[in-house]
Amino acid sequence: MDKTLLRDARMTTSHRAATPAATLTHTTTTTTSDWQQALPVLTGSMVTLRELRLTDAPSLLAMLSTQEVARFISPPPTTIEGFERFIAWTHRERAAGNYACFAVVPHGMDTAIGIFQVRELEPGFGTAEWGFALGSAYWGTGMFVDAARLVVDFTFETIRTHRLEARAAILNGRGNGALRKIGAVQEGILRKSFLRNGEYLDQALWTILDEDWRAQRTVWESRVVH
């Protein structure tokens, strides 16, 4: 994708986020009405989003541990076993109602090429934060924007979040540009708020509100119809 990891996602205990959008031509298939019991399966025009599986660990290690991908995220696990522990942790946090992590699976494939994460910032998910990471081989393919819209819809329509936040390092030009394209509003600069490789980096704080997203989606849908 041509928007690198917009985000500073934590692969251990905390997770941050950022994301872009694109054409609205997807359908969503839900396997359960209670996401804490099991995440729904979300189907877009190019990708399927589903719960992470232990069998995703090898592909996630290959996709997310490269220098290009890891530049603006917290260090991911460095072994298959590390990713397996991370995947097990995501299931526990989902069951507790604190967090959701989707595997990104291109149509025609079975293993994950990246992840999208959403975590609550206040009890009840009124305010949430999201993040993502995709293998660089899939940048510029349209898969990111397809998946991003599914995740935002899920966050506002299923979890019922009101305010969705993202944090992106100021140096991450692609990430910040993608957030702007999706309609996120930059609210400020978080000075020296992200520690990476021994250096504190400034981050931009971006937000999307539920009513703004629904209004924007209506515009996109009308363009598709006409």
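If you read the sequence from its start, that first residue is 1, and numbering goes on from there.
A search for salt bridge (Lys or Arg N to Asp or Glu O under 4.0 Å) contacts involving Asp110 returns Arg53, not counting sequence neighbours. For Arg163, the salt bridge (Lys or Arg N to Asp or Glu O under 4.0 Å) partners two or more places apart in sequence, or in a different chain, are Glu165, Glu187.
The two residues Tyr138 and Pro106 have their closest heavy-atom pair at CE2-CG, 4.2 Å. In plain terms, the two heavy atoms of Trp35 and Tyr99 that are nearest each other are CZ3-O, 3.5 Å. The two residues Leu39 and Phe154 come nearest to each other via the heavy atoms CD2-CZ, 4.3 Å. Looking at every heavy atom in both residues, Gly114 comes nearest to Leu64 through CA-CD2, 4.4 Å. Across every non-hydrogen atom of Phe116 and Ala147, the tightest pair is CE1-CB, 3.5 Å. Among all heavy-atom pairs drawn from Gln36 and Arg94, the shortest one is O-NH1, 2.7 Å.
Here CH2 of Trp213 is found 13.0 Å from OG1 of Thr161. Values are rounded to the nearest 0.5 Å. Interatomic distance, Asp34 CG to Thr158 OG1, rounded to the nearest 0.5 Å: 11.0 Å. In this structure, Asn172 CG and Arg71 CZ are separated by 7.5 Å, a value rounded to the nearest 0.5 Å. Phe125 contributes atom CZ, which lies 15.5 Å from atom NE2 of His162 (distance to the nearest 0.5 angstrom). To the nearest 0.5 Å, atom CG of residue Asp56 and atom CD1 of residue Ile113 are 10.5 Å apart. For the atom pair CG (Leu190) and NZ (Lys192), the distance works out to 13.0 Å, reported to the nearest 0.5 Å.
Ring geometry, Phe86 versus Phe83: the interplanar angle exceeds 60°, so the pair is classed perpendicular (tilted spans 30 to 60°).
Checking side-chain atoms of Ser65 against main-chain N and O of Thr78 turns up no donor-acceptor pair under 3.5 Å. The backbone N or O of Leu205 sits nowhere less than 3.5 Å from a side-chain atom of Arg167 that would complete a donor-acceptor pair. Between the side chain of Asn176 and the backbone N or O of Ala169 there is at least one donor-acceptor pair closer than 3.5 Å. Listed for the Ser59 side chain is a donor-acceptor partner under 3.5 Å among the backbone atoms of Ala112. Remark: the backbone N or O of Val47 is paired with a side-chain donor or acceptor of Asp146 at under 3.5 angstrom.
Taking hydrophobic clusters as Ile, Leu, Val, Met, Phe, Trp and Tyr residues chained together by side-chain heavy-atom distances below 4.5 Å, Met46 shares a cluster with Met109. Both Leu61 and Leu52 belong to a single network of hydrophobic side chains, linked directly or stepwise wherever heavy atoms of I, L, V, M, F, W or Y lie under 4.5 Å apart. There is no path of hydrophobic side-chain contacts, each under 4.5 Å, that joins Leu209 to Val152. Both Leu54 and Leu60 are assigned to one and the same hydrophobic cluster, defined by single-linkage of ILVMFWY side chains at heavy-atom distances under 4.5 Å. Val185 and Val151 end up in different hydrophobic clusters when Ile, Leu, Val, Met, Phe, Trp and Tyr side chains are linked at under 4.5 Å.
Contact of the Leu134 side chain with the Met63 side chain is not registered, since no non-hydrogen atoms from C-beta on lie closer than 4.5 Å. Inter-residue side-chain proximity for Pro75 and Arg196 is flagged as met; some heavy-atom pair is nearer than 4.5 Å. Residues Val105 and Leu49 fail the side-chain proximity criterion, which asks for heavy atoms closer than 4.5 Å.
For Glu211, the CD atom counts as densely surrounded, since its 6.0 Å shell holds more than 12 non-hydrogen atoms of other residues, nucleotides or ligands.
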request  = Determine, stepwise, if the pair Ile208 / Gln216 fulfils side chain to side chain contact (heavy atoms under 4.5 Å, CB included).
outcome  = CA-CA 11 Å; Ile208 304 174; Gln216 183 169 290; over 6 Å; no
query = For Trp206 and Arg180, what are the C-alpha separation, side-chain angles and deciding distance, and is it a side chain to side chain contact (heavy atoms under 4.5 Å, CB included)?
reply = CA-CA 8 Å; Trp206 298 86; Arg180 187 176 291 108; 3.5 Å; yes
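With salt bridges taken as basic N to acidic carboxylate O contacts below 4.0 Å, one links Asp210 and Arg214.
Among residue pairs with one or both ends in residues 76-90, none qualify as salt bridge (charged side-chain N to carboxylate O under 4.0 Å, His left out); sequence neighbours excluded.
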